[in-house]
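The chain is numbered in sequence order, starting from 1. Note: hydrogens, waters and symmetry copies are ignored here, and every other heavy atom, side chains too, is used.
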Amino acid sequence: MFLLTNEQRACMGLGLVEPEWEWVCLKGAENGNGVTWACFDGDIIRKSILEGPCIYMERDYQEKTTDNRTILLARTGRGAPKKLSATSLSWGRRPFGMQLCWSAQTASVELRHTDTMRRFYSSELDGVKVKTFSDFERWAECWAQETTPEDRVRLETFTAQKRQHQKTREGDFFRFQIGRREYGYGRVLLDYEKMRRQKKPFWDILTGKPLVTAVYRIITEDPNVSIEELRRLPALPSNFMADDLLYYGEYPIIGNLPLEQEELDFPVMYGASTFGKDRGKRKICFQCGRIFRELEGEEVLPGCEGFRNNTVPISALYSREALEECIAVGDNRPFWKNQSEDLRAFPRKLKAVSRQFSLLVEDLYIKK
């Protein structure tokens, strides 16, 4: 069984383990790739670890057990005791505080606060690949060795914050963490959920509460870049984003300014209608910002299939590497290398599609 040291845990905001506490392997399967261990302080479970060759997850609990640690007591008078197992603990009880998760599937490590539903660190956004368990062990060692007093203060401030819900408006500027000590900045350009509530027509095939956001071409250790300075910076092409990280405050909103026409930029969606009422009909749709068009009796143009472009990622930034390359070369060409579903990356096809809907590319709010 692999265990972090208490010094490593302290650098991650995880609860420490006392020498007299006992680790017990729980029956049942929480995850097919590993086994679950519970750390007992007498009859109280203080911590669990899910460990396997492809996964490591450490979480803090405070759960009471009875009958020689075989029964998990209810948290309230309304609940019923349950037989203790990996499943009843991990799925039936909520951990608290920070949790650490490494996954070989994503080759990444995350530090997340379960109470506020916010991430403190993501190696994926940091551009760091953690592919194997050995990589994870080395990452944990380096994390502790490189922790500074300032890092500890930032972690203490983060873990002391309460859960919050932010309201988002078009024109909002926001900050997000990229590396351990680095930040990026972005802007909310359009709120499709607001259009949905107001029953304004658009191609409503975007999941969740979708926003259109743009990330500025900046990576900095300064968490206090002014919105006036940001507004003067060039931005990556806009992209869809779910509102979760803004709503829960992982992306703090740092100000708002009215959007100017030259700041507008929107992804393009194109393809056969997927509305249930249109099933079996020849109907195509086009969406760019607030511009929505439908054509009946028309087919998708040859060679223009696969541009529905309705994926809504969680994060505003899909690739640190692409952002760094765009900053280095001073334009957005590197951004388009992996954007195969957005018609903005294919000017000739975009022009043909626009013509099909009697639109001019010049009238669309898009940037390269």
Distance under 6.0 Å and angle within 45° of ring axis: R180 vs Y121: no
Residues S226 and R232: side-chain donor-acceptor under 3.5 angstrom: no
Centroid-centroid distance, Y185 to F174, less than 6.0 Å: no
is_close_aromatic(Y251, F173), centroid dist under 6.0 Å: no
Between D135 and T132, a side-chain donor and acceptor under 3.5 Å: yes
NZ or CZ of R69 within 45° of F40 ring axis and under 6.0 Å: yes
Close side-chain approach of K283 and E298, heavy atoms under 4.5 Å: no
Check: R175/N224 side-chain N/O donor and acceptor closer than 3.5 Å: no
Donor-acceptor pair between S123 and D126 side chains, under 3.5 angstrom: no
Heavy-atom check, side chain of F266 versus side chain of L190, under 4.5 Å: yes
Shortest non-hydrogen separation from V215 to A316 and the atoms involved: CG2-O, 3.7 Å
Partners meeting salt bridge (Lys or Arg N to Asp or Glu O under 4.0 Å) with E58 (sequence neighbours left out): R9, K47
